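Have a look at the structure below before the remarks.
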Amino acid sequence: MLTERPLSIELLMLRAQQLRGYSLGALANELKISLPTESLHGKGAAGQLLELVLGATAGSLAQPDFQELGVELKTIPVNMDGHVLESTYISKVPLHSLTDLTFEGSELWGKLKKVLWIPIITEKDLAITERIIGDAVLWQPSMQEALIIRKDWQELMDMVAMGEIEKITAKIGQVMQIRPKAANAKALTRAVGPEGYSIMTLPRGFYLRSNFTQHILDTALSLL
DNA sequence: GTCTGATCATTT
DNA sequence: AAATGATCAGAC
């Protein structure tokens with residue numbers, strides 16, 4: 001089983017497609033690594049396993065997983081009917097030092113320009129080891145999709161810049177939303193508050209709504 | 001604490 | 001059932 005960094009998108013796709021049908025348990029066995037037993041304690045296990053086997057850069061960089069290829073890797077849980085089960089975290093939301101921020105230069109857009117989606121076929125409470133790798137999909141947003149993403153980003157970031165982070169709920173945004181992204185309620189970070197003063201608040205993340213990622217997967221699969 | 005990888009648990 | 005808000009694990 002190869003784990004080196006792929007030299008081209010074609011090689012990356014080839015390798016990803018070869019993983020179809022593997023269970024996460026079988027894959028972990030080949031790599032001689034162990035997986036968490038309970039899903040409550042293995043939330044990121046699928047993504048980390050796929051990063052390892054596909055040769056992604058580990059680490060906490062604000063850059064795509066395959067930086068040279070401009071590709072971000074995302075596992076996405078779907079049930080046996082192909083139904084997307086969860087929203088997808090994309091990137092952290094900048095909450096301070098917001099001058100000169102543009103959509104084109106944002107961390108979010110850097111990751112959404114090109115995404116390799118790897119469906120993980122599962123059901124609630126199914127052991128992590130029993131989950132199955134599905135058909136990989138390489139996605140680039142269409143012009144229309146990109147415009148909607150940019151509109152959501154601007155609406156949300158306008159509120160952040162205006163010091164209205166505490167007014168933002170997950171209901172805002174057509175295909176994307178802002179939600180907490182923290183270890184727990186005690187993890188606070190600095191943000192722009194009302195009147196421009198600094199406040200402490202929960203870290204936030206950008207998430208793609210599941211109906212949007214469902215559309216991405218459905219569109220790709222309809223072309224096969 | 002700040003990031004990555006996400007899913008869980010409760011409300012709607 | 002779907003959506004929202006909260007949380008789990010690990011690297012640094």
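Just so we're clear, the structure is a prediction, and the values are computed from it rather than from any experiment. Just so it is clear: chains get the letters A, B, ... in the order the sequence lines come, proteins before strands, and each one is counted from 1. Atoms considered below: every heavy atom in the structure, side chains included; atoms not considered: hydrogens, waters and symmetry mates.
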Straight-line distance of [X] [atom1] to [Y] [atom2], nearest 0.5 Å:
| X | Y | atom1 | atom2 | answer |
| --- | --- | --- | --- | --- |
| A:Ser91 | A:Leu112 | OG | CG | 7.0 Å |
| A:Asp125 | A:Glu38 | CG | CD | 10.5 Å |
| A:Thr129 | A:Leu27 | OG1 | CG | 12.0 Å |

[X] has an atom [atom1]; how far is it from atom [atom2] of [N], in whole Å?
| X | N | atom1 | atom2 | result |
| --- | --- | --- | --- | --- |
| A:Ile128 | B:dC8 | CD1 | C1' | 12 Å |
| A:Asp65 | B:dG5 | CG | C1' | 9 Å |
| A:Ile172 | C:dT4 | CD1 | C1' | 13 Å |
| A:Leu85 | C:dA3 | CG | P | 12 Å |
| A:Glu38 | B:dA9 | CD | P | 10 Å |
| A:Asp125 | B:dA9 | CG | C1' | 12 Å |
| A:Lys124 | C:dA1 | NZ | C1' | 13 Å |
| A:Leu126 | B:dT7 | CG | P | 12 Å |

Side chain to side chain contact (heavy atoms under 4.5 Å, CB included) for A:Ile118 and A:Lys74? Distances and angles first, verdict last. CA-CA 6 Å; A:Ile118 301 194; A:Lys74 287 291 172 194; over 6 Å; no

Under 4.0 Å, heavy atoms only, any strand: does [X] hit a base, just the sugar-phosphate, or nothing?
| X | result |
| --- | --- |
| A:Gly44 | base |
| A:Glu72 | sugar-phosphate |
| A:Asn79 | nothing |

Can you tell whether the side chains of [X] and [Y] come within less than 4.0 Å, N to carboxylate O?
| X | Y | value |
| --- | --- | --- |
| A:Glu107 | A:Lys92 | yes |
| A:Glu30 | A:Lys32 | no |
| A:Glu123 | A:Arg131 | no |

Options C:dT4, B:dG5, B:dC8, nucleotide nearest the side-chain atoms of A:Glu86: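 When the side chain of A:Glu86 is considered, B:dC8 is the closest of C:dT4, B:dG5, B:dC8.
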
Using only heavy-atom distances, determine whether the side chains of A:Thr189 and A:Arg204 contain a donor-acceptor pair under 3.5 Å. no

Go through the side-chain N and O atoms of A:Glu166 and A:Thr201 and say whether any donor and acceptor fall under 3.5 Å apart. yes

In terms of heavy-atom contacts, does CE of A:Met80 have more than 12 from other residues, nucleotides or ligands at under 6.0 Å?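 For A:Met80, atom CE is not crowded (no more than 12 foreign heavy atoms under 6.0 Å).
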
Set of residues satisfying ring pair (Phe, Tyr, Trp, His ring centres under 6.0 Å) with respect to A:Tyr89, sequence neighbours excluded: A:Tyr207

Please list, by residue number, the residues of residues 87-105 of chain A whose heavy atoms come closer than 4.0 Å to an atom of DNA chain C; answer none if no residue qualifies.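 Under 4.0 Å from DNA chain C: no residue of residues 87-105 of chain A.
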
Give the residues of residues 197-218 of chain A touching DNA chain C, defined as any heavy atom closer than 4.0 Å, sorted by residue number. A:Tyr207, A:Arg209, A:Ser210

Using a cut-off of less than 4.0 Å, is there contact between a side-chain N or O of [X] and OP1 or OP2 of [N]?
| X | N | result |
| --- | --- | --- |
| A:Lys74 | B:dG5 | yes |
| A:Gln177 | C:dT4 | yes |
| A:His41 | C:dA9 | yes |
| A:His83 | C:dA2 | yes |

For the side chain of A:Glu72 and the backbone of A:Lys111, is there at least one donor-acceptor N/O pair under 3.5 Å apart?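 Flag not set: sc A:Glu72 to bb A:Lys111 has no pair under 3.5 Å.
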
To the nearest 10 degrees, how far apart in direction are the end axes of the helix from B:dG1-C:dC12 to B:dT12-C:dA1, each fit to five base pairs?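 The helix from B:dG1-C:dC12 to B:dT12-C:dA1 shows an end-to-end axis angle of 30°.
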
If you define the side chain from C-beta out and look only at heavy atoms, does anything of [X] sit under 4.5 Å from [Y]?
| X | Y | result |
| --- | --- | --- |
| A:Ile172 | A:Gln177 | no |
| A:Pro77 | A:Val84 | no |
| A:Met157 | A:Leu98 | yes |

For a side-chain contact (heavy atoms from CB on, under 4.5 Å) with A:Leu108, tell me which candidate from A:Ile149, A:Leu156, A:Val93 qualifies.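 So, applying the side-chain contact (heavy atoms from CB on, under 4.5 Å) to A:Leu108 and each of A:Ile149, A:Leu156, A:Val93, only A:Ile149 qualifies.
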
Near DNA chain B, under 4.0 Å by heavy atom, which residues of residues 157-171 of chain A? none

Does anything in residues 178-191 of chain A reach DNA chain B, meaning a heavy atom under 4.0 Å, and if so which residues? A:Arg179, A:Lys181, A:Lys186, A:Ala187, A:Leu188, A:Thr189

For side chain to side chain contact (heavy atoms under 4.5 Å, CB included), just list the numbers for A:Trp153 and A:Met176, CA-CA rounded to whole Å, side-chain angles, deciding distance to a tenth of an Å, and then say yes or no. CA-CA 8 Å; A:Trp153 184 89; A:Met176 190 167 79; 3.8 Å; yes

